[in-house]
4 protein chains.
Amino acid sequence: MHADTKPRWERRKDARPQELLAAALDLFVDRGYAATRLEDVARRAGVSKGTLYLYFENKQELFKAVVRENVVQVIGQAESDMAAAEDASCTELLRTMLRRWWTELASTRASGLAKLIIMEAGNFPEIAQFYNDEVISRGQALIASILRRGMERGEFVTVDAQLMTHVLIAPVIMLMLWTHSHDPCGAGVDPEGYIETFLGLAQRGLARGTP
Amino acid sequence: MHADTKPRWERRKDARPQELLAAALDLFVDRGYAATRLEDVARRAGVSKGTLYLYFENKQELFKAVVRENVVQVIGQAESDMAAAEDASCTELLRTMLRRWWTELASTRASGLAKLIIMEAGNFPEIAQFYNDEVISRGQALIASILRRGMERGEFVTVDAQLMTHVLIAPVIMLMLWTHSHDPCGAGVDPEGYIETFLGLAQRGLARGTP
Amino acid sequence: MHADTKPRWERRKDARPQELLAAALDLFVDRGYAATRLEDVARRAGVSKGTLYLYFENKQELFKAVVRENVVQVIGQAESDMAAAEDASCTELLRTMLRRWWTELASTRASGLAKLIIMEAGNFPEIAQFYNDEVISRGQALIASILRRGMERGEFVTVDAQLMTHVLIAPVIMLMLWTHSHDPCGAGVDPEGYIETFLGLAQRGLARGTP
Amino acid sequence: MHADTKPRWERRKDARPQELLAAALDLFVDRGYAATRLEDVARRAGVSKGTLYLYFENKQELFKAVVRENVVQVIGQAESDMAAAEDASCTELLRTMLRRWWTELASTRASGLAKLIIMEAGNFPEIAQFYNDEVISRGQALIASILRRGMERGEFVTVDAQLMTHVLIAPVIMLMLWTHSHDPCGAGVDPEGYIETFLGLAQRGLARGTP
DNA sequence: GATGAATGAGGGTTCATTCAT
DNA sequence: AATGAATGAACCCTCATTCAT
C-alpha cells in the first residue's frame, strides 16, 4: 500500500537541459538537422514533446544550444591557451592546436555537427551563419595567427596565411567527416596515424630550412 | 486522321529519364536529399509530378539512379595516363594528378555529387558501398602508387603511403565540398590559390632534401 | 519562533480571486477568449499558473466569473435617476441618458466586456442570457420609456418605440466596440464628436416640428 | 462486377474553390477565425486537409478569399452604381445605399464576417488591415461622398461628413452583428422595421427644412 | 503515356490542464 | 496553499505517393 505506483512524471529541472542536449546531439549527428524529429529527441531524453519547449524555444535554438555546449566551449579554451603561449615555438604550437582539435572535437560525437553543417547549411542559412560566426571564423583565426607569428619569427616559409589555413584544416575536417560518417570513403583510416602523417607533412612543408 | 503521322515528340519518351536524372542531379546537389521535392524535379524536367513515377519507383530509387548515372565513368582515363607516364618525375606526376582531379572533376557539377554521397551515405549504405568500390578505391590506389614509386626512386621521404594518400586527397575533397556548398566554411576560398598552396605544401613536405 | 507572528500576506488569500478576475478582465477584453492564455492571466495577477486552478475550475469558469463580477451593477442608478426626472424635457432626458451611458459605461473598461460578450456569446449561451436579462433588457426599457413619454407629450414624432430604441442604442454600442477594439473600423473616431453628431441627428430626427 | 466501387476521390477542379469558400464562410462566421480549423473546412467541402492547400496558400489567404468573394464584390458594384447616379436625389441615394447594404450584405451570411473582424482584429492585424482597406475605407468613402454631395446641393443640413458617416453605419453594423450573432442583445429585432426606423430617423435628421 | 488533383501521415509548435514537490 | 515542470491533444502546414481522367 505504500506506493510502488510510479509517478506519471518526475520533476528534474536541473538535469533536463543536459539530458535534452545529449539526446539532441545524438540524433542531430545521426540523422542530420531536418530529419531529426523533436519528438524523438524528447523521447530519448525521457520526456514528452512539450517539455522540450520549456527549455528551448524551438528546433533552431535547440541546435544552437547543442553547438554551444559541444563546440563553442572548446574553441574558447583553445583561444585562451593560445594567448597564454606567447613564447612557445610556432611549430610546436601549431602541432598542439591541430592535435587538440582532433582529441577534443574531431574524435568526439561533436564532429558529427561539422558534417551536419556542411550538409544542410544551404537549407538553413541562419544556422550556417551562427556556426560560421561562432566556430569557423574563430578556428580559422586561431590557425592563421599561428602561421603569421611563425612567419614573422622566421620559423615558417612565407605562405598566404589564409589559404594555408584552409589547407591545414581540410584534413582535420575530412577526418571528422570520415569518423562520424557511415560512408566507407575513409573507412579504415587510423586516426592516430592519419593525424601524425598529416602533422609531419605540414611541419616539413612549412619549416624554413636552417641556413 | 492518317495514323502514320509521327507524333512530334515521340522521341521524347526515350529522353525523359535523362532529363529527369539531370534535373534530379541539380536539385539533389543543391538542396540535399530530404529537401529536394519531387515536384520541383519534375517541373525542372518539364514534366508533371506523376510522370516521374512512371520512370522511377520512388524518391530513393531516383536518387540511386542519379548516383549510378553520374558517378562512375571518371577514373579510367587517369589510370591509363598514369600507366603511360612511366618515366616522369613523381613530384610532377603527383602534381599533375591532383590538379587534374580538380580541373576535371572537382570543379564540375559532379563534385556536388561527391558531397551528397558523403553526406547521405548514412541513409544509403548500398550507394556508399557502390561509390567506394567504383570510385574511391581506384582513386586512392592511383595516388598511393605514385607515392610508392616516388619513395622507391628516392624522390620522396618515407611515409606510410596509404595514410599519406588519405591526407593528400582530403584537401581536394574539402575543396569539392566547399565549392558545392552554400555554407560559409570555405566561402571566399579561391580554388586556384588553394590548390597551389596545397600542392606547394605537399611538394615541400614530401621532397627528400638533396644532400 | 513565536507562532503568533502573522505571515505578511495572509490577507492575500482573500484578495487572490479579485486580482485574478481583474487580470482576466484585462486580457479577455484585450485579446478575446481564445487568445487569452491562462499563464498570462496568472502572471499579471502575480501568481503562478497552478494557483489559478485553485480558484477557478477552468478557463470557461474563469470567464463566467469575470462576466458576473463586472457586468451587473450598472443600471440601477440610471433607473432611479430617470424616475426622479418626471418633468424634464424628454429631448433633454434622452440626451442625458445616452450621454451618461457613454461617460459612465462605454468609456470605461467595462465597454470591453460588452464587446467580448457580444462576440463570444455564440460560445457561451448561458452568459449571453444572463447578460441580456440583467443589463440589456433593463437598459432598453429605460430608453423606450423616454421615447414613449416624449411621444405622449407631443415632443417626439410617432415612431415604434422598441425599434427606435434599438436604433438609438446601436451607435453607442458601436462606439463601445470601436473604443475597445484594435481594429481600424472606427479608428480615429473622436468619441466626443461622434456622440454629439449622433445626438444631433437623433434630436432632429425625433423632434416634432413646431407648427 | 462493373464497378459500383466508389472512387476514392473525385476530380472537380473547377468546383472546388467555390465549395471551399462556401465551407470556409460558414465556419468562419460560426466560430470565428482562430477557432476555425482548416481540417473542418476541408471536410465540410468534402475534401481532405491537403486539398485545401492546393487552392489557398494558407489560412489567412483563405480568409481573404472569402472576404473578396462575399464582400468586396458587392462594394465594387455599389461604387459604380453610385457613380452612375449623378443626378439622383441624395436623400434617395443615401436611402438606397444603406438599404442595399442591408439586402446584399448584412442580411446574408457574409454579415458574420464583420463580427469576426471586430472580434479578432486585434489578434490578426494583417487581416484587419486587409479588411479595412478593401471594405471599410471604401464603404465609408461611399457614404461620405453622398453626404458631401447632399450638403453641397443644399439637400442636407451641414454636418461633419466623416463623423456622420460613422454614425450612419453604426446601426447597420449593429444589425449585422445582431443578425449573425447567437447573443440575444438584438434578438427579436425585425430587420425590416429596424432599417425603416433608422432610415426615417436619418432622413429627418439630415433633411434641410424647406424655407 | 501523361497529367495534376487528391490524399493523409507527420513534423513543429502552442497551451489548457495536471500533479509532484 | 502555492508552485511550475510536465503532459498531450490539437492545430497549421508540407510533401511523397496514388489514381481518376
Side-chain angles (χ1 to χ4, degrees), chain A residues 3 5-16 34-42 46-60 62, chain B residues 7 9-10 12-13 16 34-43 46-60 62, chain C residues 7 9-10 12-13 16 34-43 46-60 62, chain D residues 3 5-16 34-42 46-60 62:
Chain A
T5 48
K6 209 194 301 164
R8 281 210 308 191
W9 33 263
E10 239 178 322
R11 189 194 184 90
R12 307 191 33 235
K13 186 189 181 181
D14 293 346
R16 291 279 187 249
T36 293
R37 289 181 296 138
L38 292 192
E39 184 156 18
D40 290 344
V41 172
V47 299
S48 75
K49 217 180 352 172
T51 300
L52 199 154
Y53 283 87
L54 295 177
Y55 297 98
F56 304 97
E57 216 169 300
N58 53 36
K59 194 177 189 180
Q60 202 167 122
L62 172 63
Chain B
W9 19 281
E10 176 85 347
R12 289 296 283 277
K13 200 168 31 168
R16 281 280 149 77
T36 293
R37 295 181 314 157
L38 292 192
E39 180 155 20
D40 291 343
V41 172
R43 182 169 23 252
V47 299
S48 73
K49 224 185 332 181
T51 301
L52 198 153
Y53 280 85
L54 297 175
Y55 296 100
F56 304 96
E57 209 172 312
N58 54 35
K59 194 177 187 180
Q60 178 158 321
L62 172 64
Chain C
W9 19 281
E10 176 87 345
R12 290 297 281 278
K13 202 165 32 166
R16 281 281 148 78
T36 293
R37 295 181 313 157
L38 293 192
E39 181 155 19
D40 291 344
V41 172
R43 181 167 26 252
V47 300
S48 74
K49 223 185 332 181
T51 302
L52 198 154
Y53 279 86
L54 296 176
Y55 296 100
F56 303 96
E57 208 171 314
N58 53 35
K59 194 179 186 177
Q60 178 158 319
L62 172 64
Chain D
T5 48
K6 209 192 304 161
R8 282 213 305 192
W9 32 261
E10 239 179 320
R11 189 193 185 92
R12 308 190 32 233
K13 187 187 180 183
D14 292 347
R16 289 281 188 248
T36 294
R37 289 180 299 140
L38 293 192
E39 185 154 18
D40 289 345
V41 173
V47 299
S48 75
K49 214 182 352 176
T51 300
L52 198 155
Y53 284 88
L54 294 177
Y55 298 98
F56 304 96
E57 219 168 296
N58 52 38
K59 195 179 189 178
Q60 201 166 125
L62 172 64

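So you know, we letter chains A, B, ... as the sequences are listed, proteins then strands, and number each from 1.
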Closest to the 5' end of DNA chain F, once D:D40 and C:S48 are matched to their nearest nucleotides, is C:S48
Could you spell out the base pairing of DNA chain F as a dot-bracket line? Use Watson-Crick and G-U wobble contacts where both distances are under 3.5 Å, [ ] for crossing pairs, | for partners on a different strand.
.||||||||||||||||||||
Are any of B:T51's side-chain N or O atoms less than 4.0 Å away from OP1 or OP2 of E:dT3?
yes
Among E:dG4, F:dT7, F:dT3, find the nucleotide with the atom closest to the side chain of A:V47.
F:dT7
May I have the distance from A:F56 (atom CZ) to E:dG12 (atom P), rounded to whole angstrom?
15 Å
Whole Å only: how far is the CG atom of D:L54 from the P atom of F:dA16?
14 Å
Residues forming a side chain to side chain contact (heavy atoms under 4.5 Å, CB included) with C:A34, sequence neighbours excluded:
none
Residues that C:K59 engages under side chain to side chain contact (heavy atoms under 4.5 Å, CB included), provided they are two or more places apart
C:F28, C:Y33, C:L38
Treating primed atoms plus P, OP1 and OP2 as sugar-phosphate and everything else as base, which nucleotides of nucleotides 16-21 of chain E get B, S or - for protein heavy atoms under 4.0 Å?
SBBBBS
Starting from C1' on F:dA6, measure out to CZ on A:R16 and report it in whole angstrom.
8 Å
I'd like to check the side chain to side chain contact (heavy atoms under 4.5 Å, CB included) partners of B:A35; sequence neighbours left out, ordered by chain and number.
A:N123, B:R31
Please report, rounded to the nearest Å, how far the P atom of F:dC15 is from the CG atom of D:L52.
16 Å
Could you report the tightest heavy-atom contact between C:Y53 and C:N58, atom names first, then the distance?
CE2-CA, 4.0 Å
For B:S48, which residues count as a side chain to side chain contact (heavy atoms under 4.5 Å, CB included) partner, sequence neighbours excluded?
B:T51
If you measure from CD on C:E57 to CG on C:L52, what distance do you get to the nearest 0.5 Å?
12.5 Å
Could you state the OH-C1' distance from C:Y55 to F:dT3, rounded to the nearest angstrom?
13 Å
